[in-house]
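Data block below; observations after.
Keep in mind that this is a model prediction, so the values were computed, not measured.
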Amino acid sequence: MGAYVLAAALLLLCVLSASHFILSFRGPSSLRPRWARRVAELLAVPVAVALMGYTGLFFALVDSVPLWNTPWTVVLFVLSAISAGCALSSLTQALSNSGIRLSAAAGRMSARGEAAITSPRRLHVAVVLLEVAGLGVFALRTLTRPEAAAARSVALLTSEPLVGWLALGVLCLGLLAPLVAEVVCIRRGEQHHVPPADLACLLGCFLLRYCLVAAGVH
């Protein structure tokens, strides 16, 4: 599944990237047929969902590791991937000319346009809150499992060095930092990006996977 999904994602990435450059340099009239780009965009949605979830599904199907053997592993991987995607998109816009043009045009946009720009921030806030809830359910399920292997995983997660990476990396950098940054920007009505919070979110998403893998391998 992973090989086919990765191949499809790379193919769609090449198609959409090529069409983006054509639009940027030659204008909308040069991209024909337009329906091809729309079809690629629509196909990218289920492929992206499958790409986010297949690693979590692989871990969830390992019966010998109780820490991973739960549907909540898939949920955590998907939500974490969406959060990383929001952070990476924001970071890319902040470092690209498109992000500069977007920020410069924000003051000239209507209320509807401003809402369209702030909606990704609201999406990221919702995803982070869902990730917090999913992490809580995942932890509760792990703590209540009777298997000895589950107890060993919990012992690893609550001892150094994983407990430090879990508390500082996952909770503070991956969840708290982007949540606070997005909420502050929404309340102040600011359209500017916060690269440090985006980088912290990406690091936290990586450390979540690191902690889960390291605690399951014992």
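Here the straight-line distance linking atom OG of Ser90 with atom NE2 of His124 works out to 8.5 Å at 0.5 Å rounding. How far CG of Leu76 is from CG of Leu130: 11.0 Å, rounded to the nearest 0.5 Å. Taken from CG in Leu57 to CZ in Phe77, the straight-line distance is 11.0 Å, to the nearest 0.5 Å. Residue Leu166 holds its CG atom at 9.5 Å from CG of Leu207, rounded to the nearest 0.5 Å. Here Leu123 contributes atom CG and Ile82 contributes atom CD1; the two are 7.5 Å apart, rounded to the nearest 0.5 Å.
Within the structure, salt bridge (Lys or Arg N to Asp or Glu O under 4.0 Å) pairs that include any residue of residues 129-146 comprise Arg145-Glu147 (at least two apart or interchain). Listed by first and then second residue, the salt bridge (Lys or Arg N to Asp or Glu O under 4.0 Å) pairs involving residues 50-71 amount to none (not counting sequence neighbours).
Side chains of Leu157 and Val163 form no contact here, defined as non-hydrogen atoms less than 4.5 Å apart. Residues Leu67 and Phe59 fail the side-chain proximity criterion, which asks for heavy atoms closer than 4.5 Å. Side-chain contact between Val183 and Ile186: absent, with no pair of heavy atoms (C-beta onward) separated by less than 4.5 Å. Contact check for Val125 versus Arg121: no side-chain heavy atoms found under the 4.5 Å cut-off. Using a 4.5 Å heavy-atom cutoff, the side chains of Leu135 and Leu208 are in contact. Looking only at side-chain heavy atoms (C-beta outward), Cys201 and Ser83 come within less than 4.5 Å of each other. With a 4.5 Å cut-off on side-chain heavy atoms, Leu91 and Leu202 count as touching. Looking at heavy atoms from C-beta onward, Leu6 lies in side-chain contact with Leu51 at the 4.5 angstrom threshold.
Grouping the Ile, Leu, Val, Met, Phe, Trp and Tyr side chains by contacts below 4.5 angstrom, directly or via other members, places Leu12 with Val39. Under a hydrophobic clustering in which Ile, Leu, Val, Met, Phe, Trp and Tyr are joined whenever their side-chain heavy atoms come within less than 4.5 Å, directly or via other members, Met1 and Val49 fall into the same cluster. Clustering ILVMFWY residues whenever any of their side-chain heavy atoms sit less than 4.5 angstrom apart, transitively, puts Val5 in a cluster other than the one holding Leu13. Each of Tyr4 and Val45 belongs to its own hydrophobic cluster when Ile, Leu, Val, Met, Phe, Trp and Tyr are linked at side-chain heavy-atom distances under 4.5 angstrom. In the hydrophobic cluster analysis, where Ile, Leu, Val, Met, Phe, Trp and Tyr join through side-chain heavy atoms closer than 4.5 angstrom, Val213 is grouped together with Leu162.
With side-chain heavy atoms closer than 4.5 Å counting as contact, directly or through intermediates, the hydrophobic cluster containing Val154 also holds Leu143.
In the displayed structure, Tyr54 atom OH is contacted under 6.0 Å by more than 12 heavy atoms of other residues, nucleotides or ligands. Phe138 CZ: more than 12 foreign heavy atoms inside a 6.0 Å radius.
Taking both residues in full, the closest heavy atoms of Met52 and Ala81 are given as CG-CB, 3.4 Å, listed atom of the first, atom of the second, then distance. Considering every non-hydrogen atom in both Val62 and Asn69, the closest pair reads O-CB, 3.5 Å. In plain terms, the two heavy atoms of Val194 and Cys185 that are nearest each other are CG2-SG, 3.8 Å. For Leu156 against Ala214, the heavy-atom pair with the smallest separation is CD1-O, 4.0 Å.
Side chain of Thr92 to backbone of Leu88: a donor-acceptor contact under 3.5 angstrom is found. Under a 3.5 Å cut-off, the side chain of Thr73 and the backbone N or O of Trp68 do form a donor-acceptor pair. Judged by distance alone, the side chain of Ser17 and the main-chain N or O of Cys14 form no donor-acceptor pair under 3.5 Å. Distance alone, capped at 3.5 Å, places no donor-acceptor pair between the Thr70 side chain and the Pro66 backbone.
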Run the side-chain donor-acceptor check on residues 171-178: report pairs under 3.5 Å with partners two or more places apart or on a different chain.
none

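Taking the side chain to side chain donor-acceptor pair (under 3.5 Å) definition, one finds that Glu41 meets it with Arg37, Arg38, sequence neighbours left out. Remark: Val137 pairs with Trp72 by the side chain to side chain contact (heavy atoms under 4.5 Å, CB included) rule, at least two apart or across chains.
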